[in-house]
Chemist: 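Have a look at this one before I ask anything.
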Amino acid sequence: MGNCCSDVGGGTMAVGGTAPSTSSTNQNDASDWYFKSRGIQGLFSQIELSFSATNLRDRDVFSKSDPMVVVYIQERNGAFTEVFRTEVVLNSLNPTWITKYTITYQFEIVQILLFRVFDVDTQFHNVAVKMLKLEEQQYIGEASCALSEIVSKRNRSLTLDLVQREESVPSIHSQHRGKLTVHAEECFSSKTTAEMTLKCLNLESKDLFSKCVCIADFNFSCCHILLGMLVVIWFTSGLLLQDPFLVISKVVESGISIPVCKTEVLKNDLNPTWKPVFLNIQQIGSKDSPLVIECFDFNSNGKHELIGKVQKSLADLEKLHSGREEIFFLPNLVGHDNQNKVLKSKLFVEKYSEIIQYTFLDYLAGGFELNFMVAVDFTASNGNPRLPDSLHYIDPSGRPNAYQKAIYEVGEVLQFYDADKRFPAWGFGARPIDGPVSHCFNLNGSSNYCEVEGIRGIMMAYTSALFNVSLAGPTLFGHVINRAAMIASQSLANDAKKYFVLLIITDGVVTDLQETKDALVKASDLPLSILIVGVGGADFKEMEILDADKGERLESSTGRVASRDIVQFVPFRDVQNEGTSVVQSLLAELPAQFLTYMRSREIKPNS
């Protein structure tokens with residue numbers, strides 16, 4: 001039975017979801033809400049790391065070394081914590097270890113790993129590796145890298161020189177200690193997605209007055225005639241029907257049900273067929289993991305009435321589809337009535353299929369790169385760079401300003417995905433020496449090329465530009481967006497396996513809002529994402545219009561709608577106040593934007 005004042009949007013939020021997504025990445029609202037509510041967002045993939053070594057230093061006198069690898073991960077405070085140990089390979093200087101280390105890869109974080117190789121003494125060979133005291137073993141050497149350095153390699157393998165603890169980088173004078181090769185493999189189940197279309201028949205119609213407070217409190221004994229009229233009106237208006245939706249939850253070891261997926265609400269329907277739902281098999285554990293499917297009658301106050309539920313696994317649901325069988329919902333009743341209840345409400349699996357979706361890491365392994373670009377706001381509202389209250393002030397103590405911090409943190413993550421590490425860098429809103437105000441000039445001062453070498457090159461070009469331009473205005477984004485779009489367009493025409501990421505750092509609200517919208521709508525068809533960081537104390541509410549997180553895509557002055565959302569905006573002060581990294585907030589959506597572009601154009605990793 002529908003509610004007196006049904007509000008589908010409100011019901012979605014009450015279930016624990018967000019507004020239905022228009023993205024083509026097949027994400028489910030309830031699962032997104034569950035993970036984000038616990039501070040989990042962005043790209044997460046399970047990675048298995050395998051280890052092998054060559055030419056290890058021999059620490060034994062009468063035999064070869066018996067090596068073991070110990071893995072450490074760097075914490076936020078910079079300290080390293082041990083997380084894994086391989087088995088011991090006996091009598092080998094070229095070992096291949098069997099046990100693998102599984103780690104959750106997070107795109108928006110630089111995950112530094114440290115690998116130490118030890119020769120385990122013979123007297124400890126019967127001791128479990130977890131119980132070994134490392135100080136009693138002979139140290140061979142160590143190496144470190146970022147996880148992204150491994151997964152961004154075309155073959156997902158990285159070979160590292162083993163060095164002594166004291167050596168931060170290998171040198172020609174380092175004592176020979178061998179090489180360690182680390183190979184990454186994405187867990188296969190993370191790519192498998194089950195698509196299901198679910199249908200119900202004969203949903204139970206609830207009591208006429210069960211959901212309308214204004215009638216529940218009515219004095220029926222005094223107004224039989226009026227009550228009869230209301231019943232007729234309600235029957236003819238269809239308010240006795242349900243507004244059903246399904247919630248699918250996984251059951252964890254503790255017995256708790258965790259929502260992973262939900263359908264849309266279908267109004268006034270006792271025989272609903274919902275739009276397809278998508279379940280990532282890794283997300284639920286396995287095809288044999290128990291799932292609870294609950295059918296609710298929507299209520300705008302959030303107190304949705306449970307119609308019934310059933311527990312099945314994905315494997316069970318696949319069999320039901322193959323045999324075209326139905327299952328009955330267990331009704332939501334208590335006491336002796338439940339024993340005599342005739343089960344009428346049925347659930348059917350109208351469609352079941354499994355697809356392998358190419359992941360972000362598949363594209364990296366296929367040779368695709370992320371190319372970093374940056375544009376810096378040099379408008380006069382930033383203040384005189386020579387004064388401490390300026391947003392562009394270069395602190396003699398070495399403490400970075402907001403611009404430097406944003407460049408470094410974003411660049412530190414993205415640099416691993418760009419093979420040549422040559423980054424286009426521009427400034428806007430300033431007057432170069434002996435020239436008019438420019439809204440897109442090369443940060444390195446060159447009139448011929450815009451690229452600089454590495455993140456250090458961007459920093460040096462930025463600092464140099466502060467002393468070679470006069471801050472002016474206004475704040476225009478259109479020019480730099482069009483410049484980045486031109487580079488992306490040329491790359492696309494050349495069939496290059498590149499996806500571009502433009503970082504714009506600004507202190508003020510964009511002046512050419514419509515021109516910027518036009519540029520963004522046009523750029524939405526290109527392999528390009530745009531990250532915007534707002535620094536300083538300006539009111540950035542209008543800037544949030546450019547970020548289509550609320551589901552409304554940008555529209556150009558000619559009425560054309562953006563093909564996808566390519567903008568992520570973050571006010572720097574808000575991120576700092578929440579104690580969150582600028583990088584995590586900015587880059588959380590980037591893999592999804594990348595995949596939306598690739599999948600919408602049916603581009604495969606090895607194409």
Side-chain angles (χ1 to χ4, degrees), residues 370-379 407 410 414 418 422-432 435-452 458 461-462 465 469 472-494 496 498-534 542-548 553-569 586 590 593-594 596-597 601:
L370 297 181
N371 291 147
F372 181 44
M373 303 184 284
V374 64
V376 178
D377 183 344
F378 284 88
T379 55
I407 292 170
V410 175
L414 294 181
D418 191 326
R422 294 182 59 84
F423 307 130
W426 303 292
F428 60 93
R431 181 180 291 104
V437 174
S438 174
H439 301 292
C440 184
F441 57 89
N442 295 334
L443 206 59
N444 59 14
S446 171
S447 58
N448 300 319
Y449 62 94
C450 61
E451 293 181 335
V452 297
I458 298 177
Y462 163 69
V469 301
T475 305
L476 307 180
F477 283 2
H479 294 73
V480 292
I481 293 174
N482 286 331
R483 182 76 176 275
M486 182 181 69
I487 294 176
S489 180
Q490 291 172 345
S491 174
L492 183 62
N494 294 329
K498 296 180 182 294
Y499 189 92
F500 296 85
V501 183
L502 171 63
L503 172 66
I504 300 177
I505 316 170
T506 180
D507 82 313
V509 178
V510 59
T511 306
D512 60 338
L513 184 58
Q514 189 56 58
E515 290 80 0
T516 297
K517 286 183 180 180
D518 291 345
L520 290 173
V521 170
K522 185 177 179 181
S524 66
D525 293 329
L526 298 170
L528 174 65
S529 285
I530 297 174
L531 313 175
I532 304 176
V533 176
E542 290 186 8
M543 192 82 75
E544 294 174 0
I545 297 173
L546 304 178
D547 191 338
R553 294 184 182 177
L554 294 177
E555 185 175 329
S556 71
S557 54
T558 61
R560 182 187 173 196
V561 178
S563 60
R564 62 192 179 94
D565 173 25
I566 65 171
V567 177
Q568 177 72 358
F569 170 70
L586 272 179
L590 185 54
Q593 291 180 0
F594 175 95
T596 299
Y597 175 82
R601 285 153 183 78

Chemist: What's the spacing between Ser529 OG and Ile566 CD1 if we round to 0.5 Å?
Modeler: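 The distance works out to 6.5 Å.
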Chemist: With the side chain counted from C-beta on, respond yes when Met373 and Ile487 share a heavy-atom pair under 4.5 Å apart, and no when they do not.
Modeler: yes
Chemist: With a 3.5 Å distance limit and no angle check, can you tell me whether Asp565 reaches the backbone of Val567 through a side-chain donor-acceptor pair?
Modeler: yes
Chemist: Compare every heavy atom of Leu586 with every heavy atom of Gln568, then report the nearest pair and how far apart it is.
Modeler: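 Smallest heavy-atom distance, with atoms named: CG-O, 3.3 Å.
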Chemist: State the CG-CG distance between Leu476 and Asp512, to the nearest 0.5 angstrom.
Modeler: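 Rounded to the nearest 0.5 Å, the CG-CG separation comes to 4.5 Å.
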Chemist: Heavy-atom distance under 4.5 Å between the side chains of Pro527 and Ser491, does that happen here?
Modeler: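 No. Closest side-chain heavy atoms not under 4.5 Å.
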Chemist: So, for Ala519 and Gly478, which heavy atoms are closest and what is the spacing to 0.1 Å?
Modeler: CB-O, 4.3 Å
Chemist: May I have the step-by-step check of side-chain contact (heavy atoms from CB on, under 4.5 Å) for Glu515 and Val510, ending in yes or no?
Modeler: CA-CA 10 Å; Glu515 290 80 0; Val510 59; over 6 Å; no
Chemist: For the backbone of Val561 and the side chain of Arg553, can you confirm whether one donor and one acceptor N or O come within less than 3.5 Å of each other?
Modeler: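 Looks like no, no N/O pair under 3.5 Å.
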Chemist: Is there a side chain to side chain donor-acceptor pair (under 3.5 Å) between Ser446 and Asn442 once you walk through the steps?
Modeler: CA-CA 6 Å; Ser446 171; Asn442 295 334; 4.9 Å; no
Chemist: Cut-off 3.5 Å, side chains only: do Asp518 and Gln514 have a donor facing an acceptor?
Modeler: yes
Chemist: Any idea which heavy atoms bring Gly429 and Val437 closest together, and the distance?
Modeler: C-CG1, 4.4 Å
Chemist: Got Phe372 and Leu503 here, is their nearest side-chain heavy-atom distance under 4.5 Å?
Modeler: yes
Chemist: Verify, without hydrogens or angle tests, whether Asn444 (side chain) and Tyr449 (backbone) share a donor-acceptor contact under 3.5 angstrom.
Modeler: yes
Chemist: Within a strict 4.5 Å, meaning less than it, do heavy atoms of the Gln593 and Arg564 side chains meet?
Modeler: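 When only atoms from C-beta onward are counted, Arg564 and Gln593 do touch, with a gap below 4.5 Å.
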Chemist: Which word best sums up how the rings of His439 and His479 line up, parallel for under 30°, tilted for 30 to 60°, or perpendicular for over 60°?
Modeler: tilted
Chemist: Out of curiosity, Asn482 CG to Ser489 OG, how far, rounded to the nearest 0.5 Å?
Modeler: 11.0 Å
Chemist: Determine the interplanar angle of the Tyr462 and Phe378 rings, folded into 0 to 90°, and report it as parallel if under 30°, tilted if 30 to 60°, perpendicular if over 60°.
Modeler: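 Answer is tilted, since the angle falls between 30° and 60°.
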Chemist: Determine yes or no for a side-chain-to-main-chain donor-acceptor pair under 3.5 angstrom, with Asp418 supplying the side chain and Leu414 the backbone.
Modeler: no
Chemist: What heavy-atom pair brings Leu528 and Ala488 nearest, and what distance separates the two atoms?
Modeler: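 Closest approach of Leu528 to Ala488: CB-CB, 4.4 Å.
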Chemist: Quick one, Trp426 and Leu502 - any side-chain contact, counting heavy atoms below 4.5 Å?
Modeler: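 Touching, per the 4.5 Å side-chain cut-off.
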Chemist: What closest approach, in Å, do Val452 and Ala425 show between heavy atoms, and which atom pair accounts for it?
Modeler: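 Closest approach of Val452 to Ala425: CG2-CB, 4.4 Å.
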Chemist: What distance separates Ile532 CD1 from Phe569 CZ, expressed to the nearest 0.5 Å?
Modeler: 7.0 Å
Chemist: Going by the rule side chain to side chain contact (heavy atoms under 4.5 Å, CB included), which residues pair with Thr475 if we only count those two or more places apart in sequence or in a different chain?
Modeler: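 Result, side chain to side chain contact (heavy atoms under 4.5 Å, CB included) vs Thr475: Asp377, Thr379, Phe428, Phe477, Thr506, Thr511.
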Chemist: Run the side chain to side chain contact (heavy atoms under 4.5 Å, CB included) test against Lys522 and tell me which residues pass, sequence neighbours left out.
Modeler: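 Counting only residues at least two positions away or on another chain, Lys522 forms no side chain to side chain contact (heavy atoms under 4.5 Å, CB included).
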Chemist: Looking at Asn371 and Phe500, would you say the former's side chain and the latter's main chain have a donor-acceptor pair under 3.5 Å?
Modeler: no
Chemist: Are Leu531 and Ile504 packed together at the side-chain level, in the sense that at least one heavy-atom pair is separated by less than 4.5 angstrom?
Modeler: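 Counting from C-beta outward, Leu531 and Ile504 never come under 4.5 Å.
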Chemist: Would you call Ile530 and Leu520 a side-chain contact if the rule is heavy atoms closer than 4.5 Å?
Modeler: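 With C-beta onward as the side chain, the pair touches.
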Chemist: Rounded at 0.5 Å granularity, tell me how far CD1 in Ile481 sits from CG in Leu546.
Modeler: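 The distance works out to 7.5 Å.
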Chemist: Going by heavy atoms in the side chains, are Tyr499 and Leu370 under 4.5 Å from each other?
Modeler: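 The answer is yes, as the side chains (C-beta and beyond) meet within the 4.5 Å cut-off.
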